[in-house]
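So the structure is just underneath, and the comments pick up after that.
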Amino acid sequence: MTAKGKTPVRVPSSGIAEGRTWTGSLYVNGCKLSISLDGAHAPQAASNFIALAKVGFFNNVPCHRLTTAGIYVLQCGDPTGSGSGGPGYSFGPNNENVPTGAGDSVTYKAGTLAMANSGGTATQGSQFFIVYADSQLAPSYSVFGSVTSGIESVVAIAAQGTANGTGDGAPRVATDLGQIVLK
């Protein structure tokens, strides 16, 4: 399912990111997060995020998943709010610009913006996650940017826990994306 019919019909060109750093803001529940996107090291993932943001795809889209035990992420970008929706296309590889390290897991630092995926080699779409505390994850999530200020807003959402009371589920506090402005 797509958001408001504003989705590009195919995977955006990796050239949109122009091999440079993009800066801007991302709003979560009305709170501003300053962000930086890495078009040089994650050109496909950054281009996808930029293209979707420019057409308003993420506006009023829910953040449907919060993890508060073991890994610490707020996952957003599914227009259906179910965890299975996206833009109507997928792309890969799923490991563009991953953190370095040895073993089956690496540290994704607090503030990391990374693409969610459903496994396989090319299963990224519109879903992404915000890491709000250092987390050990498999090196299979493309890092396309970072939160440079305002992460405390996500930490405050996480402090309220999940709706189901477990460490993995919908946030207890309804959480939506707002406007994304990039330059």
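Here, residue 1 is the first one in the sequence, and each next residue gets the next number.
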Pair Asp168, Thr166: side-chain N/O donor-acceptor within cut-off below 3.5 Å
no
Minimum side-chain heavy-atom gap Leu33-Ile151 below 4.5 Å
no
Minimum-distance pair of heavy atoms, taken over all atoms of Leu182 and Ala53
CD1-CB, 4.1 Å
When you measure from the side chain of Asn97 to the backbone of Ser142, do you find a donor-acceptor pair of N or O atoms at a distance under 3.5 Å?
no
Hey, is the main chain of Gly85 close enough, under 3.5 Å, to the side chain of Gln127 for a donor-acceptor pair?
yes
Do Ser135 side-chain atoms and Ala133 backbone N/O form a donor-acceptor pair below 3.5 Å?
yes
Within this structure, what is the CG-OG1 distance for the pair Leu74 and Thr68, rounded to the nearest 0.5 Å?
11.5 Å
So CD1 of Ile35 and OH of Tyr27: to nearest 0.5 Å the spacing works out to 11.0 Å
Of all heavy-atom pairs between Thr112 and Lys109, which one has the smallest distance, and what is that distance?
OG1-O, 2.7 Å
Using modelled atom types and a 3.5 Å cut-off, is there a donor and acceptor pairing between side-chain atoms of Asn94 and backbone atoms of Tyr141?
no
Check whether any side-chain heavy atom of Trp22 lies under 4.5 Å from a side-chain heavy atom of Phe49, and answer yes or no.
no
Hey, does Thr107 have a side-chain heavy atom less than 4.5 Å from the side chain of Gln136?
yes
Is there a path of hydrophobic side-chain contacts, each under 4.5 Å between heavy atoms of I, L, V, M, F, W or Y residues, that connects Val131 with Met115?
no
Between Leu52 and Gly125, the two heavy atoms sitting closest are CD1-O, 4.3 Å
Heavy atoms, side chains only, cut-off 4.5 Å: are Asp176 and Pro62 in contact?
yes
Expected output: side-chain Gln44 to main-chain Phe91 donor-acceptor under 3.5 Å:
no
Judged by atom type as modelled, is there a donor-acceptor pair below 3.5 Å linking the side chain of Thr162 to the main-chain atoms of Gly169?
no
Are the side chain of Thr148 and the backbone of Ser34 linked by a donor-acceptor contact shorter than 3.5 Å?
yes
Between Ser140 (side chain only) and Asn95 (backbone N and O only), is there a donor and an acceptor less than 3.5 Å apart?
no
Ser149 OG to Lys32 NZ distance, which is reported to the nearest 0.5 Å
7.0 Å
Which label fits Phe129 and Tyr108: parallel for a plane angle under 30°, tilted from 30 to 60°, or perpendicular past 60°?
tilted
Under 4.5 Å between side-chain heavy atoms, hopping through other hydrophobics if needed: is there a path connecting Val155 to Ile157?
yes
Below 4.5 Å, heavy atoms only, C-beta onward: do Ile130 and Val147 meet side chain to side chain?
yes
Out of curiosity, does Ile50 fall in the hydrophobic cluster containing Val143 (side-chain heavy atoms, cut-off under 4.5 Å, transitive links)?
no
Looking at every heavy atom in both Ser126 and Gly77, which two are closest together, and how far apart are they?
OG-O, 2.7 Å
Which distance, rounded to the nearest 0.5 Å, do you find between the OG1 of Thr80 and the NE2 of His64?
7.5 Å
What's the separation between atom OH in Tyr132 and atom CG in Leu66, rounded to the nearest 0.5 Å?
5.0 Å
Side-chain donor/acceptor of Thr175 to backbone N/O of Val173, under 3.5 Å:
yes
Closest contact, heavy atoms only, Asn59 versus Gln179
OD1-CA, 3.7 Å
Heavy-atom closest contact (Gly92 atom, Gln124 atom, distance):
CA-NE2, 3.8 Å
Going hydrophobic residue to hydrophobic residue with side-chain gaps under 4.5 angstrom, can you get from Leu113 over to Ile16?
yes
Side chain to side chain, Asn48 and Pro12, heavy atoms closer than 4.5 Å
yes
Do the side chain of Asp38 and the main chain of Gly145 share a donor and acceptor less than 3.5 angstrom apart?
no
Would you say Asn164 has more than 12 foreign heavy atoms packed within less than 6.0 Å of its CG?
yes
